[in-house]
Amino acid sequence: MDLTDACFAGAARQAELLRSGALTARDLVAECLRRIDRHDRALNAFRVVFTERALADAEHADARRARGEDAPLLGVPVAVKEDIAIAGLPTTKGTAAVDTPAPADAEIVRRLRDAGAVIVGRTRMPELGLWPHTESTWAGATRNPWSPEHSPGGSSGGSAAAVAAGFVGAAIGTDGAGSVRIPSACTGLFGLKPQRDHVPLAPDRDVWHGLVVAGPITRHVADAALLLDVLAPGTDHTTAVTDQRTLRVAVSLRTWGRGIPLDPEARAAVLDTAGLLADLGHDVTRVDPDQHDLTGPAWFAVRYLHCAVTTEQQLDRPDRLDARTRTVAALGRSLPAPVVRAALARTAELTRHANRIFAEHDVLLTPALTRPPLRVGELDRRPTVAALLAAARMTTFLPLWNITGNPAAAVPAGHTRTGLPLAVQLVAATDDHAAVLTAAGQLERARPWTDRRPPAYP
């Protein structure tokens with residue numbers, strides 16, 4: 001296989017090629033590093049690239065292979081978001097405010113390394129993961145491989161940009177209010193938010209009071225299943241991808257909050273996907289009654305602002321944060337303690353309310369975003385509160401499932417008239433990753449999305 005094609009093959013196919021001897025880990029990783037060196041000055045996906053160690057790890061993977069050893073990701077290049085601890089480096093969380101190096105790898109990193117993955121670098125995020133774009137005054141903007149004028153989303157924007165541009169076979173992001181699903185939707189990738197506690201966050205615990213989980217951002221559904229098998233062993237996620245079973249699919253276009261507009265192309269992507277699922281034999285039903293508690297967004301906003309405060313308090317030098325980040329944290333500090341306690345106490349109630357839909361359906365299909373990707377700098381032109389409201393409107397279909405902890409995924413669903421990616425969201429009942437992977441796998445086989453690559457990153 002041509003090395004450029006191999007870079008875009010995705011983690012599962014790369015693992016197969018390496019296992020068969022069709023290419024070496026050294027050649028694959030070296031080509032990924034060449035692509036990063038050539039393109040990432042403009043894209044700005046990586047905060048740190050581990051060039052020397054990545055090459056050494058690739059050579060070690062080849063040596064293991066020559067001895068007859070194997071591992072699920074042996075020699076596969078991956079990237080991890082900068083809020084995931086790597087021994088000897090500060091866990092920067094998109095800021096210049098952390099100086100203290102992590103004493104050990106996060107459990108996620110340890111499991112990736114044990115599976116043979118070659119960690120190529122750390123990917124960028126907005127400060128504290130607060131925004132659906134990846135920009136800061138000191139680091140600049142991370143750009144979308146499909147259009148340099150647009151954002152790849154956030155907060156795992158660097159991870160998504162790196163996969164979409166063919167820099168790595170897969171990447172790990174984190175998702176506290178859509179931060180895996182947003183950038184995946186913006187860059188034409190599959191992004192899976194696992195069920196709460198399915199992937200360990202150690203040494204961190206209860207991040208953002210349980211809202212944050214870590215999950216894979218990949219080109220193919222099978223890539224995500226393979227990564228999930230590594231990060232959460234004990235369940236065969238890979239088998240679900242090829243399952244042909246019939247599912248009961250609920251379709252909803254109702255936003256979580258009143259009066260939020262839905263872009264016509266985003267609406268059409270959902271309806272087209274619903275039609276495709278029906279053609280594939282699934283039982284598809286439009287469900288738009290009172291399935292979501294419309295008071296929930298206000299309580300989520302309280303939690304979000306409070307989490308900005310608690311994350312700021314963990315930094316070595318919060319004075320180094322951007323002014324806008326400090327403003328968001330100040331809004332959080334202004335919240336009365338009883339209001340915060342009340343918001344946190346509503347978790348169980350909202351979870352029961354939202355999950356009623358899965359008594360009669362296996363999967364819920366919604367838009368991923370209410371509009372196409374943001375332009376770079378678009379939210380910076382607005383006052384902080386106005387920018388927060390715009391971000392909430394754009395991502396309205398996503399954060400409920402962080403509160404409830406359900407597995408959810410962004411699935412590619414074509415492109416806008418101007419060539420920007422579109423996506424839908426699939427959600428399943430608690431602990432039912434298989435339903436999400438099965439539906440997404442069937443959609444990918446019926447409507448492959450990886451044949452088309454970003455034109456600027458051939």
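Remember, it's a predicted structure, so these values are computed and weren't measured experimentally. The first residue in the sequence is number 1, and the count goes up from there.
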Atom pair CG (Asp362) and CG (Leu364), whose distance is rounded to the nearest 0.5 Å: 11.5 Å
Minimal non-hydrogen separation, Arg35 against Gly166, with atom names: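 Reported closest heavy-atom pair: NE-O, 3.1 Å.
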Student check: side-chain heavy atoms of Thr51 and Ile36 closer than 4.5 Å: no
Exam field: side chain Tyr304 to backbone Leu130, donor-acceptor pair closer than 3.5 Å: yes
Main-chain N/O of Phe397 paired to Gln425 side chain as donor or acceptor, under 3.5 Å: yes
Ala161 to Pro152 - nearest heavy-atom pair and separation: CB-CB, 4.3 Å
side-chain hydrogen bond (donor to acceptor under 3.5 Å, both in side chains) partners for Glu378, two or more places apart: Arg371
His361 side chain to Ile357 backbone, donor-acceptor under 3.5 Å: yes
Under 3.5 Å: donor-acceptor pair, side chain of His433, backbone of Gln195: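 Yes: the side chain of His433 pairs with the backbone of Gln195.
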Minimum side-chain heavy-atom gap Cys186-Leu369 below 4.5 Å: yes
Lys/Arg N to Asp/Glu carboxylate O, Asp243 vs Arg245, below 4.0 Å: yes
Chi angles and distances behind the side-chain contact (heavy atoms from CB on, under 4.5 Å) call for Arg445, Gln244: CA-CA 11 Å; Arg445 288 190 294 277; Gln244 295 294 327; 3.1 Å; yes
Full working for side-chain contact (heavy atoms from CB on, under 4.5 Å) between Val78 and Ile172: CA-CA 8 Å; Val78 302; Ile172 305 299; 5.9 Å; no
Backbone of Pro132 reached by a side-chain donor or acceptor of Ser179 within 3.5 Å: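 No, because the side chain of Ser179 does not come within donor-acceptor range (under 3.5 Å) of the backbone of Pro132.
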Minimum heavy-atom distance Thr187-Pro145, with the two atoms named: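 In this case the closest contact between Thr187 and Pro145 is CG2-CD, 4.2 Å.
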Short side-chain to backbone donor-acceptor contact, Ser136 and Glu127, under 3.5 Å: no
Sub-4.5 Å side-chain heavy-atom contact between His150 and Thr418: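 Counting from C-beta outward, His150 and Thr418 never come under 4.5 Å.
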Qualifying residues under side-chain contact (heavy atoms from CB on, under 4.5 Å), relative to Thr24, sequence neighbours excluded: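 Residues passing side-chain contact (heavy atoms from CB on, under 4.5 Å) with Thr24: Arg26, Asp27, Asp62.
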Note, Arg452 side chain near His415 side chain (heavy atom, < 4.5 Å): yes
Counterpart residues, side-chain hydrogen bond (donor to acceptor under 3.5 Å, both in side chains), relative to Thr395 (two or more places apart):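 Residues passing side-chain hydrogen bond (donor to acceptor under 3.5 Å, both in side chains) with Thr395: none at all.
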side-chain contact (heavy atoms from CB on, under 4.5 Å) between Ile403 and Arg303, worked out: CA-CA 10 Å; Ile403 295 174; Arg303 293 182 63 151; 4.1 Å; yes
Atom CD of Glu52 with >12 non-hydrogen neighbours under 6.0 angstrom: no
Straight-line distance of Leu374 CG to Leu379 CG, nearest 0.5 Å: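 Here the rounded value is 5.0 Å.
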Polar contact flag, side-chain donor to acceptor under 3.5 angstrom, Thr310-Trp208: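 Trp208 and Thr310 do not have a side-chain donor-acceptor pair below 3.5 Å.
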Non-hydrogen side-chain atoms of Leu33 and Asp37 separated by less than 4.5 Å: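 Answer no - side chains too far apart.
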Any donor-acceptor N/O pair, Asp40 side chain to Phe46 backbone, under 3.5 Å: yes
Euclidean distance, Thr347 OG1 relative to Asn402 CG, rounded to 0.5 Å: 11.5 Å
Flag, side chain of Asp229 to backbone of Pro233, donor-acceptor distance under 3.5 Å: no
Close side-chain approach of Phe358 and Asp432, heavy atoms under 4.5 Å: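 A side-chain contact is absent here, since even the closest heavy-atom pair is not under 4.5 Å.
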Polar side-chain atom of Trp146 near backbone of Pro454 as donor-acceptor pair, under 3.5 Å: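 Not a single qualifying donor-acceptor pair exists.
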Pair Trp256-Leu398, side-chain contact (heavy atoms from CB on, under 4.5 Å): steps then yes or no: CA-CA 9 Å; Trp256 196 40; Leu398 307 180; over 6 Å; no
Carboxylate-amine/guanidinium contact Glu16 Arg19, below 4.0 Å: no
Over all atoms of both residues, closest heavy-atom pair of Ala11 and Leu227: CB-CD2, 4.0 Å
Rounded distance [0.5 Å steps], CD in Gln14 versus CZ in Phe8: 11.0 Å
Geometric class of the His237/His198 ring pair [parallel <30°, tilted 30-60°, perpendicular >60°]: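 Perpendicular: the ring planes of His198 and His237 meet at over 60°.
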Test side-chain hydrogen bond (donor to acceptor under 3.5 Å, both in side chains) applied to Ser184 - qualifying residues, sequence neighbours left out: none
Parallel, tilted or perpendicular, as decided by the 30° and 60° cut-offs, for the rings of Phe190 and Trp449: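 The arrangement is parallel - the two ring planes meet at less than 30°.
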side-chain hydrogen bond (donor to acceptor under 3.5 Å, both in side chains) between Lys81 and Ser159, intermediate numbers included: CA-CA 6 Å; Lys81 190 176 175 181; Ser159 292; over 6 Å; no
Heavy-atom side-chain contact between Val180 and Ile217 under 4.5 Å: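 Sidechains of Ile217 and Val180: in contact.
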Residues Asp322 and Thr137: side-chain donor-acceptor under 3.5 angstrom: yes
Sequence neighbours excluded - side-chain hydrogen bond (donor to acceptor under 3.5 Å, both in side chains) pairs with any residue from residues 92-107: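 Those involving residues 92-107 are Arg47-Thr92, Glu82-Thr92, Lys93-Gln314, Asp99-Arg320, Thr100-Asp316, Asp105-Arg113, Glu107-Arg110, Glu107-Arg111.
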Separation between OG1 of Thr366 and CG of Leu400, rounded to the nearest 0.5 Å: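 The OG1 atom of Thr366 sits 10.0 Å away from the CG atom of Leu400.
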Set of side-chain hydrogen bond (donor to acceptor under 3.5 Å, both in side chains) partners for Asn44, sequence neighbours left out: Arg124
Atom CZ of Arg67 with >12 non-hydrogen neighbours under 6.0 angstrom: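 Result for CZ/Arg67: enclosed.
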Within-4.5 Å side-chain heavy-atom neighbours: Leu18 and Leu23: yes
Whether Glu31 side chain and Cys7 backbone form a donor-acceptor pair below 3.5 Å: no
Nearest atoms (heavy-atom pairs only) where Asn144 meets Ser151: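 For Asn144 and Ser151, the tightest heavy-atom pair comes out as ND2-O, 3.1 Å.
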Euclidean distance, Asp263 CG relative to Thr416 OG1, rounded to 0.5 Å: 8.5 Å
Nearest non-hydrogen partners of Thr174 and Ser155, listed with the distance: O-OG, 4.3 Å
Check against salt bridge (Lys or Arg N to Asp or Glu O under 4.0 Å), Arg64 and Asp57: CA-CA 10 Å; Arg64 289 181 59 187; Asp57 287 349; over 6 Å; no
